[in-house]
2 protein chains.
Amino acid sequence: MSSNFQWYIKKQWGLSEEDTLKLQNFYEKRSLEKGEVLLQIEEFSNEYYFVESGLLKSYSYSSNGKEHILQFAPENWLIGDLGSIHLKERSSFYVEAIEDSLVCIFNESFFDELSKLCANFRERNEALLHKHVRHLNHRINLLLGASAEERYVDFLKLYPNLSKRVPLRLIASYLGITPESLSRVRKKIAHKEF
Amino acid sequence: MSSNFQWYIKKQWGLSEEDTLKLQNFYEKRSLEKGEVLLQIEEFSNEYYFVESGLLKSYSYSSNGKEHILQFAPENWLIGDLGSIHLKERSSFYVEAIEDSLVCIFNESFFDELSKLCANFRERNEALLHKHVRHLNHRINLLLGASAEERYVDFLKLYPNLSKRVPLRLIASYLGITPESLSRVRKKIAHKEF
DNA sequence: ATTGTGCATTGACCTATGGTAAGAAGTGAA
DNA sequence: TTCACTTCTTACCATAGGTCAATGCACAAT
């Protein structure tokens, strides 16, 4: 039986069926209940997560105690504080399950093994990082200038289907507005779309 | 005569005096006048810049035509679209001189050479990227929840001295507010600080 | 000196979004 | 079923920040 993760490894890193199977010893699966916290902020951790099924979020709190969501991770997404792994620093955010989920957990030894099996691991890995930086820059641009409505539309593009699965207040927290405002935005948009 | 860049290379990459000199053939210096554009958006470029003296900015425009500043780069800072270099894509922002400046320009061949001279080039390079991602996440957090005043105070920490050199409207564009609002924030802060 | 240009400040007003509170609708447990 | 709980919506008012316009200031060009 083949998992999403195995499919992802093959596709993303161009591994053979055989090599993909070799990696099985370097990660473990874990099922999570809704609300379970995988990664605490300020924690020394070297784990990284692939979402087999379910939905996770990464978030932190600002000085006034409000939760800010950095990222959602539905099926087939990766999530975790890679920076803390490589920089040997404390993690800079939480990771928590929004739904009952199944995740694959792995750490540096997985990457080490992968780099042996994948000839151009470094390049691909670096490219992924650069793409992530691009995405963050895009988000910063939106936060600098776009209205709540524009940001919501952008969210819908980035995470299709998620608008139905995720509680409104979490989307609002991702957009940097209140749930009430988001509710108004949705009302306004309802006339345009569909 | 030793340049800031040579000092930076030695310190950042732990090279010997000799190796540092070898790299001289892999970058060139260029002087810029205020307002000169080093990198156009949507351009295929593989250049990266180190600021010897002066001040640069990277920026793009949002849908409503407003300029958004992604980063300032005073002396001894690096700037450029690394992502576009590695991903072979068009650049996602402009780079322009705010003051008359002197920059060191280099490209992949410089990195190639550096990776030969620096044993743990990959690790250090990756660590730099991760630090950058952390910084971007921090900025996103501020934009999600902090007031204009809080963001301005954060700006002052990140870029000490810059508040005197940079036109107010550019700082405002970095913070995502109008020059008028920033002026009011500064007025308010003036009572507290100093 | 005069004019012009760009920038910072200020004030008056406006708008998007926040804050609060209340109710409606859905969900799950006993 | 009822109760408790959460989510979403709506209404009303408050506020941070935006918009526009006027002023003043510094500096460059003539």
Side-chain angles (χ1 to χ4, degrees), chain A residues 33-35 55 57 59 61-69 72 96-100 141-156 162-194, chain B residues 33-36 55 57 59 61-69 72 96-100 141-156 162-193:
Chain A
E33 287 186 12
K34 175 178 174 177
L55 179 59
K57 65 175 173 177
Y59 63 100
Y61 294 95
S62 60
S63 51
N64 52 64
K66 282 184 187 156
E67 173 182 327
H68 295 306
I69 292 194
F72 292 106
E96 181 180 326
I98 298 178
E99 303 173 351
D100 291 348
N141 262 317
L142 285 181
L143 289 169
L144 283 176
S147 67
E149 183 177 334
E150 288 176 289
R151 275 178 276 156
Y152 179 60
V153 170
D154 190 82
F155 164 85
L156 292 176
L162 230 57
S163 67
K164 300 146 203 160
R165 285 168 68 179
V166 179
L168 210 56
R169 66 185 173 81
L170 293 186
I171 301 180
S173 148
Y174 177 87
L175 298 176
I177 59 179
T178 60
E180 293 89 340
S181 289
L182 179 53
S183 186
R184 287 185 278 262
V185 165
R186 275 155 63 111
K187 188 181 177 185
K188 195 176 156 200
I189 281 185
H191 299 295
K192 303 183 187 171
E193 324 246 341
F194 291 106
Chain B
E33 287 187 9
K34 175 179 174 175
E36 224 173 317
L55 179 57
K57 63 175 174 178
Y59 64 100
Y61 294 96
S62 60
S63 51
N64 52 62
K66 282 183 186 154
E67 175 182 327
H68 295 306
I69 293 193
F72 291 106
E96 183 180 324
I98 298 178
E99 303 173 353
D100 293 347
N141 261 319
L142 284 181
L143 288 169
L144 282 176
S147 67
E149 183 177 333
E150 287 174 291
R151 277 179 275 156
Y152 180 60
V153 170
D154 189 81
F155 164 85
L156 292 177
L162 230 57
S163 67
K164 298 147 203 159
R165 283 167 69 179
V166 180
L168 211 55
R169 65 184 175 78
L170 293 187
I171 300 179
S173 147
Y174 177 88
L175 299 176
I177 59 178
T178 58
E180 292 92 334
S181 289
L182 179 53
S183 185
R184 283 172 201 125
V185 166
R186 276 156 61 112
K187 189 180 176 182
K188 195 176 156 199
I189 281 184
H191 299 294
K192 303 183 187 171
E193 322 247 342

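Naming: A, B, ... by sequence-line order, numbering from 1 per chain. Computation of the quantities below employed the complete heavy-atom set of this structure, encompassing side-chain atoms and omitting hydrogens, waters and symmetry-equivalent molecules.
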Sorted by chain and residue number, the side chain to side chain donor-acceptor pair (under 3.5 Å) partners of A:Arg165 (sequence neighbours excluded) come out as A:Glu75, A:Glu99

Residue set satisfying side chain to side chain donor-acceptor pair (under 3.5 Å) with B:Asp100, at least two apart, ordered chain then number -> none

A:Tyr152 meets the ring-ring contact (aromatic ring centres under 6.0 Å, His included) criterion, sequence neighbours left out, with none

Atom pairs under 3.5 Å, N or O on each side, protein against nucleotides 24-30 of chain C: can you list them with distances?
none

Atom CD of A:Glu149 and atom P of C:dT17 are separated, to the nearest Å, by 9 Å

When rounded to whole Å, the OH to P distance for the pair A:Tyr152 and C:dT17 reads 15 Å

Rounded to 10°, the helix from C:dA1-D:dT30 to C:dA30-D:dT1 deviates from straight, judged by its five-pair end axes, by 30°

If I take atom [atom1] from residue [X] and atom [atom2] from residue [Y], how far apart are they, to the nearest 0.5 angstrom?
{"X": "A:Tyr61", "Y": "A:Lys66", "atom1": "OH", "atom2": "NZ", "value": "13.5 Å"}
{"X": "B:Leu55", "Y": "B:Glu96", "atom1": "CG", "atom2": "CD", "value": "11.0 Å"}
{"X": "B:Leu143", "Y": "A:Ser62", "atom1": "CG", "atom2": "OG", "value": "12.0 Å"}
{"X": "B:Tyr59", "Y": "B:Ile98", "atom1": "OH", "atom2": "CD1", "value": "9.5 Å"}

Chain B reaches DNA chain D, atoms under 4.0 Å from its heavy atoms, from D:dG17 to D:dC20

Hits for salt bridge (charged side-chain N to carboxylate O under 4.0 Å, His left out) against A:Glu150, two or more places apart or cross-chain, chain-then-number order -> none

B:Glu149 and B:Val185 have their tightest heavy-atom pair at CA-CG1, 3.8 Å

List the atom pairs, with distances to 0.1 Å, where a side-chain N or O of residues 166-177 of chain A and a protein N or O form a donor-acceptor pair under 3.5 Å, not counting sequence neighbours.
| from | atom 1 | to | atom 2 | distance (Å) |
| --- | --- | --- | --- | --- |
| A:Ser173 | OG | A:Glu67 | O | 3.0 |
| A:Ser173 | OG | A:Ile69 | N | 3.2 |

Under 3.5 Å between N/O atoms: give me all the protein pairs with nucleotides 5-15 of chain C, atom names plus distance.
| from | atom 1 | to | atom 2 | distance (Å) |
| --- | --- | --- | --- | --- |
| C:dC7 | OP1 | B:Arg169 | NE | 3.3 |
| C:dC7 | OP1 | B:Arg169 | NH2 | 2.9 |
| C:dC7 | OP2 | B:Arg169 | NE | 3.4 |
| C:dA8 | OP1 | B:Leu168 | N | 2.4 |
| C:dA8 | OP2 | B:Leu168 | N | 3.3 |
| C:dA8 | OP2 | B:Arg169 | N | 3.3 |
| C:dT9 | OP2 | B:Ser183 | OG | 3.2 |
| C:dT9 | O5' | B:Ser183 | OG | 3.2 |
| C:dG11 | O6 | B:Arg184 | NH2 | 3.0 |
| C:dA12 | N6 | B:Arg184 | NH2 | 3.1 |

- Answer with base, sugar-phosphate or nothing: what part of the nucleic acid does B:Gly145 contact at a heavy-atom distance below 4.0 Å? nothing

Residues passing the side chain to side chain contact (heavy atoms under 4.5 Å, CB included) test with B:Arg184, sequence neighbours excluded, are B:Glu180, B:Ser181

Hits for side chain to side chain contact (heavy atoms under 4.5 Å, CB included) against B:Glu36, two or more places apart or cross-chain, chain-then-number order -> B:Arg30, B:Leu32, B:Glu33

Test item: A:Arg151 side-chain N/O and A:Ala146 main-chain N/O as donor-acceptor pair under 3.5 Å:
yes

